[in-house]
Structure formats: C-alpha cells, structure tokens
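Structure, as structure tokens:
Predicted model only: the values in this text are computed from it and were never measured.
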Amino acid sequence: MSGREGAYALFVLGPVAPGLEEVVPAVGGSVFECVLPWLTGTAQLNFLGDALTGDAVGTAWTPEVHERLMEVKGRVDPANLFCFGHALAGR
C-alpha cells in the first residue's frame with residue numbers, strides 16, 4: 001500500500017462555505033508547504049482531495065508501481081476512457 005511510508009499521515013479538511021472558496025485551499029496549501037521537508041513523495045489515494053492532474057494522482061504510488069500501472073492502463077484502456085476523478089492519466 002503506497003502512501004504509508006511515513007510515521008504519520010496528514011489530511012487537511014476545511015469548509016467550503018460561501019466566501020471561503022479561495023481562503024480554505026490557500027490555508028490548506030500553506031499547511032502542506034510547512035511540512036514539505038518531511039513528505040515521503042507518495043500520498044494515499046483517498047487523501048488526494050482535488051488533485052486531478054496526472055502528476056498529482058501519480059504520487060499515490062511509488063515511481064516503479066506507477067510505471068507498471070501505466071503500462072497496464074495502456075494495454076487495457078488505450079483510448080483513456082477511464083479518465084475522471086483520481087484516474088491514471090493516459091499516455
């Protein structure tokens with residue numbers, strides 16, 4: 001299970017109430033900037049939040065596992081039909 005290499009897990013959650021649409025993501029980003037020196041480079045898939053880019057989703061696995069998953073995706077989903085949410089990016 002990738003994303004469990006560290007001694008702790010961090011998940012930032014905040015209300016997206018009217019008027020806070022920009023504040024909450026900015027504060028959450030600041031929290032992650034503060035802990036950058038201690039990040040392992042991987043993330044738990046269910047903790048990715050609004051990470052929708054291929055690079056961000058790819059951190060849910062080690063580089064070796066991500067590469068293997070991309071090879072499988074290339075074989076079984078060459079048209080990249082499964083591209084929504086936290087999906088692996090098509091090549």
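Across every non-hydrogen atom of Glu21 and Gly19, the tightest pair is OE1-N, 3.0 Å. Nearest heavy-atom pair across Cys34 and Pro37 is O-CD, 3.8 Å.
Taking hydrophobic clusters as Ile, Leu, Val, Met, Phe, Trp and Tyr residues chained together by side-chain heavy-atom distances below 4.5 Å, Val72 does not share a cluster with Phe82. Cluster annotation: Val76 and Met70 are assigned to distinct hydrophobic clusters (Ile/Leu/Val/Met/Phe/Trp/Tyr, side-chain heavy-atom contacts under 4.5 Å, transitive).
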Checklist entry - Under the side chain to side chain contact (heavy atoms under 4.5 Å, CB included) criterion, do Leu88 and Asp77 qualify, and how do the steps go? => result CA-CA 10 Å; Leu88 293 167; Asp77 184 21; over 6 Å; no
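Here CD of Glu71 is found 11.0 Å from NE2 of His66. Values are rounded to the nearest 0.5 Å.
Counting non-hydrogen atoms of neighbouring residues, nucleotides and ligands closer than 6.0 angstrom, the CZ atom of Phe11 exceeds 12 such neighbours.
Looking only at distances, no side-chain donor or acceptor of Asn80 sits under 3.5 Å from a matching main-chain atom of Cys83.
Counting heavy atoms from C-beta on, the side chains of Glu67 and Trp61 never come closer than 4.5 Å. At a threshold of 4.5 Å between non-hydrogen side-chain atoms, the residues Val31 and Leu10 count as touching.
With sequence neighbours left out, the ring-ring contact (aromatic ring centres under 6.0 Å, His included) criterion links Phe32 to no other residue. Partners of Leu20 by side chain to side chain contact (heavy atoms under 4.5 Å, CB included), not counting sequence neighbours, listed by chain and number: Pro15, Ala17, Val23, Val24.
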